[in-house]
Visitor: 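Have a look at the structure that comes next, please.
Reckoned from all heavy atoms, side chains included, excluding hydrogens, waters and symmetry mates. Just so you know, ligand 1 is whichever comes first in the structure, and atom 1 is the first atom listed for that ligand.
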Amino acid sequence: MNTALIDTARKMPKAELHIHIEGSLEPELIFALAQRNAIVLDYPSIEALRAAYAFTDLQSFLDIYYAGASVLQTEQDFYDMTWAYLQRAHADNVLHTELFFDPQTHTARGVAFGVVVNGIHRALSDAHEKWDMSGGLIMCFLRHLSEEEAFVTLEQALPYRDKMIGIGLDSSERGHPPEKFARVFAQCRELGFHLVAHAGEEGPSAYIETALDLLQVERIDHGVRCIDDPVLMQRLAREKMPLTVCPLSNIKLCVFEKMLQHNLLTLLDAGLTITINSDDPAYFGGYMNDNFAAIVEALPVQRHHLQQLARNSFTAAFIAPDIKQKYLAQVDAFFAR
Ligand code: ADE
Ligand code: ZN
């Protein structure tokens, strides 16, 4: 095991760009919130819930992930969940974080949009005040629902638009291609939101292309299936299109059988703007530094790869150019030591 390299990865300044905040709900907090809100869970204990985290594909995970999110009822619940994640991120030397949230999971249960966004946003503001951590919220549309429902959600979001930096697309990928959401994404673009979409996680590389061409996204979440299309890979490299890759997630959801087989280093060496992220850390075995440790252990990662990954995380972030330069200088100063 390369402990020196893992130590470098742990200590280096980094940004996280692909974290579903509902996916940071640890079983302990699920049980605490269930008790606080008098909700009866399907699992008798924390251990029994954790034992159910044996996924065979994306859908088998999403079923349990949406069930876990049902304990979130009040603004304080959303605050507590987000604050717990931010403390972990801060401990992992994450200086900037962009959080996905899934409002439709909550509004469908009668939780008001404002309760969700205000709770998450207040935690992010506190992290900024306490640690100077920067960040933003990206609202995701659930792609297994209709575009009409996405439009309704966008309408609900408008009073809170100052609390969000972008729009994303997540949930069940297969059978729900990006083009299903072309019109609502066009409206989000007109409203000035940054745009991202999950594509090429479980779905085909063609979904990466349509996310770029029809949704005009600025980052692809996952995108690892681009390996099936060399022309697309060249395009992604040429256009410096960031892919927010989630190594532990990809193993847990059987996108790759073993970390040894993960293609992130191949993509990085081919000049793609790869970043490392935790996706749903409470479900997939770890936060940012756990993901870095896992790739360093399994793949021939070198020091220059870590510097590139740290730089990419800030290059791909939705932050003002002067702040971006400040973070990049911090990365380079760290690696110059
Ligand atoms: N929602 C939460 N995690 C997700 C993932 N890995 N893919 C798609 N939707 C998600
Ligand atoms: Zn994701």
Visitor: Any N/O/S atom, backbone or side chain, of Asp279 lying under 2.8 Å from the Zn ion (ligand 2)?
Guide: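 Coordinating: yes.
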Visitor: Non-hydrogen atoms of Ser171 versus ligand 1: any pair closer than 4.0 Å?
Guide: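 Per 4.0 Å heavy-atom rule, Ser171 contacts ligand 1.
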Visitor: If we only consider heavy atoms of Asp221, is any one of them less than 4.0 Å away from an atom in ligand 1?
Guide: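 It does not, in that no heavy atom of Asp221 comes within the 4.0 Å cut-off of ligand 1.
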Visitor: Could you tell me which atoms of ligand 1, counted from 1 in the order shown, lie closer than 4.0 angstrom to a heavy atom of Leu62?
Guide: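 Within the 4.0 Å cut-off of Leu62, ligand 1 contributes 1 (N), 10 (C).
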Visitor: I'd like the atom name of the N/O/S atom in His20 lying closest to the Zn ion (ligand 2).
Guide: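 Nearest N/O/S atom: NE2.
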Visitor: Taking N or O atoms only and a 3.5 Å limit, does Asp280 qualify as a polar contact for ligand 1?
Guide: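 In this structure, Asp280 places an N or O atom under 3.5 Å from an N or O of ligand 1.
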Visitor: Does ligand 1 have a heavy atom under 4.0 Å from the side chain of Phe100, from its backbone, from both, or from neither?
Guide: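 For Phe100, no heavy atom sits under 4.0 Å from ligand 1.
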Visitor: Could you please spell out the steps behind the ring-ring contact (aromatic ring centres under 6.0 Å, His included) verdict for Tyr53 and Phe61?
Guide: CA-CA 8 Å; Tyr53 294 180; Phe61 155 69; 8.4 Å; no
Visitor: Verify whether the ring centers belonging to His222 and His198 lie closer than 6.0 Å.
Guide: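 His222 vs His198: aromatic centres under 6.0 Å.
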Visitor: Verify the ring-centre separation between Phe181 and His176: is it less than 6.0 angstrom?
Guide: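 Ring centres of Phe181 and His176 not closer than 6.0 Å.
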Visitor: For the rings on His18 and Phe100, is their centre-to-centre separation under 6.0 Å?
Guide: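 Ring centres of Phe100 and His18 closer than 6.0 Å.
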Visitor: Heavy-atom distances under 4.0 Å are what count here, so tell me which part of His222 touches ligand 1: side chain, backbone, both or neither.
Guide: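 Side chain only.
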Visitor: Determine whether Tyr160 and His121 satisfy the following criterion, ring-ring contact (aromatic ring centres under 6.0 Å, His included), listing intermediate values before the conclusion.
Guide: CA-CA 10 Å; Tyr160 305 95; His121 190 267; over 10 Å; no
Visitor: Does NZ or CZ of Arg219 fall inside the cone over Phe318's six-membered ring, less than 6.0 Å from its centre and within 45° of the axis?
Guide: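 That pair qualifies as a cation-pi contact.
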Visitor: Got a sec: is His222 within less than 2.8 Å of the Zn ion (ligand 2) via an N/O/S atom?
Guide: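 Not a single backbone or side-chain N, O or S atom of His222 is under 2.8 Å from the Zn ion (ligand 2).
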Visitor: Measure from the side-chain N and O atoms of Asn37 to the backbone N and O of Ile39, and report whether any donor-acceptor pair falls under 3.5 Å.
Guide: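 Such a contact is absent between Asn37 side chain and Ile39 backbone.
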Visitor: Using the rule side-chain hydrogen bond (donor to acceptor under 3.5 Å, both in side chains), only one of Asp280, Asn291, Asp279 pairs with Ser249; which is it?
Guide: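 Only one option passes, and that is Asp279.
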Visitor: Out of all atoms in ligand 1, which are within 4.0 Å of some heavy atom of Glu201? Include the element for each.
Guide: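 Heavy-atom distances to Glu201 below 4.0 Å select 5 (C), 6 (N), 7 (N), 8 (C).
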Visitor: Enumerate the atoms of ligand 1 whose separation from the nearest heavy atom of Phe61 is less than 4.0 angstrom.
Guide: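 Counting from 1, the qualifying ligand atoms are 2 (C), 3 (N).
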Visitor: Closer than 2.8 Å to the Zn ion (ligand 2), do we get an N, O or S atom from His198, backbone or side chain?
Guide: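 Here the distance criterion (N, O or S atom, under 2.8 Å) is met by His198, so yes.
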Visitor: Note the single closest protein heavy atom to atom 6 (N) of ligand 1, along with its residue, its atom name and the distance in Å.
Guide: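 It is Asp279 OD2, 2.7 Å.
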Visitor: Under 3.5 Å, side chain of Asn277 to main-chain N/O of Glu16, donor-acceptor pair present?
Guide: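 No: the side chain of Asn277 does not pair with the backbone of Glu16.
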